[in-house]
Amino acid sequence: FFAMASPLKSLVNDDNRYQRSFQLFLERSSEHQCMQDFIHNVLPDILASIGDGKSHLNVIGVGSGAGEIDLEMLSELHLQHPGVTVDNEVVEPSSQQLLNYRVMVSRKPDLDYIKFTWNKMTASEFEEQWKVKKTTKKADFIHMIQMLYYVKDPGATISFFQSLLDKNGKLLIILVSG
C-alpha cells in the first residue's frame, strides 16, 4: 500500500492556471449570459433604490476580477443616477486580473465620474485593513460576484460587508449553484 499525491492541484496557488481555467469556464458556461440578463433587467431597479438623492455614491467590488462585470454594473448605476460621482473600491487579490481591469478602464472613455481605488488583496485582508484604519465611510452598493467560495468564513465575510452598508445600501451576492 502506498499513498499517491493528489494530481489535482489547487488553482488558488497558481494564478496563470487559474486565469486559463476561468477563461475556459466563461467560454463554456451560460453563467455569463445569466449575469448579463440580471444586470440589464433586474439590477437597474435595485440600483434606483440606493443613494437617497445623494450626489456621491460609494461602491465596493469584492473579487472584481478583470472588471468587465463591474463596469457594466457601474454603467447601469450611472444610468439610474446620471449626475452622481462614484468612489469605486476594487478588491481583487490577482495582480493579473487587476492589471486587466486597469487597462480596460484606461481604454474606456466617459468614466471620469468614477474614482477607482485599487486594492490588491483578499476580502479578509480588506476587512483587516478597514478595521485597522477605523474607516467610517459607508457603502451604497457592494457586490461580491463568484467570490464567496474563496473565503474561510462566508457568513462572517457577509456580516462584515453588510455592516459597511449605508441606509438603503444594497449588498449583491452572486454564486453559481448546482
**Request:** Please answer: with hydrophobic residues joined when any side-chain heavy atoms are less than 4.5 Å apart, are Ile158 and Tyr149 in the same cluster?
**Result:** yes
**Prompt:** Phe161, Leu175: one ILVMFWY side-chain cluster at the under-4.5 Å cut-off?
**Reply:** yes
**Asked** Phe126 vs Trp130 aromatic rings, parallel, tilted or perpendicular, using cut-offs 30° and 60°?
**Response** tilted
**Fill in**
Given the options Leu74, Ile174, Ile39, Ile69 meets side chain to side chain contact (heavy atoms under 4.5 Å, CB included) only with Ile39
**Message:** Are the side chains of Tyr150 and Thr122 in contact, using a 4.5 Å heavy-atom criterion?
**Reply:** no
**Arg102 and Val105, any side-chain heavy atoms less than 4.5 Å apart** = no
**Prompt:** Which one of Glu127, Gln129, Glu128 satisfies the side chain to side chain donor-acceptor pair (under 3.5 Å) criterion with Lys131?
**Reply:** Glu127
**Request:** Indicate yes or no: at least one non-hydrogen side-chain atom of Asp153 is less than 4.5 angstrom from one of Phe160.
**Result:** no
**Prompt:** Within a strict 4.5 Å, meaning less than it, do heavy atoms of the Val59 and Met73 side chains meet?
**Reply:** no
**Request:** With Leu57 as reference, evaluate Asn88, Asp166, Asp87, Asp140 under the side chain to side chain contact (heavy atoms under 4.5 Å, CB included) test and give the passing residue.
**Result:** Asp140
**Parallel, tilted or perpendicular: ring planes of His78 versus Tyr113, cut at 30 and 60 degrees** = parallel
**Request:** Evaluate the side-chain proximity of Glu125 to Asn119: yes if any heavy-atom separation is below 4.5 Å, no if none is.
**Result:** no
**Request:** Give the cluster check for Val86 versus Leu79: same hydrophobic cluster or not, with ILVMFWY residues linked at side-chain heavy-atom distances below 4.5 Å.
**Result:** no
